[in-house]
Amino acid sequence: MNNFLHNSILYVNLEQVRQNVRTLLEELEGKALIPVLKGNAYGLGLEELGRTLAGFEEIRTLAVAQVSEGARLRRAGISGDILVLGGVPEGLLEVGAELDLTLAVWRLGVLPRLAELGRRLGRPVKAQVKVETGLHRVGLMPGEELSALLEEWRSAAPWVEITGAFSHFADLDDRERTEGQFQAFLAGTAQLEAGGMDIPFRHISASAASEFFPQYRLDGVRIGRRLYMDHPTRPKGNIGEAASWRTWITNLRDLQAGEPLGYGGHVRMERGGTVATLAVGYGDGLSPDLVRAGGPVLIGGQRARLLACCMDQTLADVTGIPCQVGDEATFYGYDRAGNFLSAQEVSLLIGD
């Protein structure tokens, strides 16, 4: 029975997530694993995954992109270190400090503001310096900008605790640029330390870098996608997919060749056969591009082809597949019988 009262359910195998974490911890050989839970933990449920990951004694820091995500983790009972990776709107810095989140210092002027908040709270605000190395989103560039930051820090030091520094690679396919970013980060952290700022923890690698560039691990690695799935085009084979998305068949109809389907009649039956109506559409997150590409969906343990979709319903060709109204359809992951349709395979039909 569908106890959630929704037209589809996303199942997350927490034991598979735990196994992936154990694999990653072994692979990192003592370097810190920093789970990245941005985007509602990649759409899989921030609070539940946060509690699961915080249960590992080896994991000391969880990372998010926004203060709101950190607030949700605090409300979920997570008391450990939570690092906000992105630039924070000015009006949310105070909330982040009150929640004892570790905030990024990504431009001049942020550190004095954090010091002001620390004085008001009566305790230092934790922060990490975001060093700009070439992605050009947020961060302070080595040289003049980091020198100016050091001047701000000397006045603010009693009320801001710098717990580390980080950066992010822009294009791992460009080996020369990647190495240049790495060296720029090392130069930036060396500049800060030469100016008297202790940088106890440095990190620049994320999931893809962790797979192919172990030399960039430094003190820790931020892992998002690899908590839940392997590399889409060059899988290592040691990370299992953790999510399965299923809905139900609500109607079956036999149609003749040439019959139009959906709005506008742009899709027509290539041959006579059976069409199943599924209980979700693009309003539920199903990609219209995937449907236009004729992507697969598991029905009765077999691959049916998606034909057309509306906001809340989708049509699939189930000709020759034994099925009935009420049967489940799996867009990716595992069906109840253990048949598997990789989310990575599906996504690659419409782009990386």
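- Of all heavy-atom pairs spanning Pro158 and Pro124, the tightest one is O-CG, 3.8 Å.
- Listed by first and then second residue, the ring-ring contact (aromatic ring centres under 6.0 Å, His included) pairs involving residues 35-91 are Tyr42-Tyr228 (not counting sequence neighbours).
- Remark: the Glu241 side chain and the Ser342 side chain contain an N/O donor-acceptor pair separated by less than 3.5 Å.
- A cation-pi arrangement is present between Arg246 and Tyr11, with the terminal nitrogen or guanidinium carbon under 6.0 Å from the aromatic centre and inside a 45° cone about the axis.
- The salt bridge (charged side-chain N to carboxylate O under 4.0 Å, His left out) search around Arg268 returns none, not counting sequence neighbours.
- Scanning for salt bridge (charged side-chain N to carboxylate O under 4.0 Å, His left out) contacts around Asp100 gives Arg123, Lys126, with sequence neighbours left out.
- Side-chain contact, Glu179 with Gln183: a donor N or O sits under 3.5 Å from an acceptor N or O.
- The side-chain tip of Arg222 does not point at the ring of Phe166 from less than 6.0 angstrom away and within 45° of straight on.
- Applying the ring-ring contact (aromatic ring centres under 6.0 Å, His included) test to pairs two or more places apart or on separate chains, none has a residue in residues 124-155.
- Residue pairs that meet the ring-ring contact (aromatic ring centres under 6.0 Å, His included) test with at least one member in residues 252-302, sequence neighbours left out, do not exist here.
- Once rounded to the nearest 0.5 Å, the distance linking CZ of Arg303 with CD1 of Ile321 reads 11.5 Å.
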Given ring pair (Phe, Tyr, Trp, His ring centres under 6.0 Å), test Phe213 with Phe169 step by step and report yes or no.
CA-CA 11 Å; Phe213 301 98; Phe169 289 124; 7.3 Å; no
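- Scored by the salt bridge (charged side-chain N to carboxylate O under 4.0 Å, His left out) test, Glu151 finds Arg154 as partners (sequence neighbours excluded).
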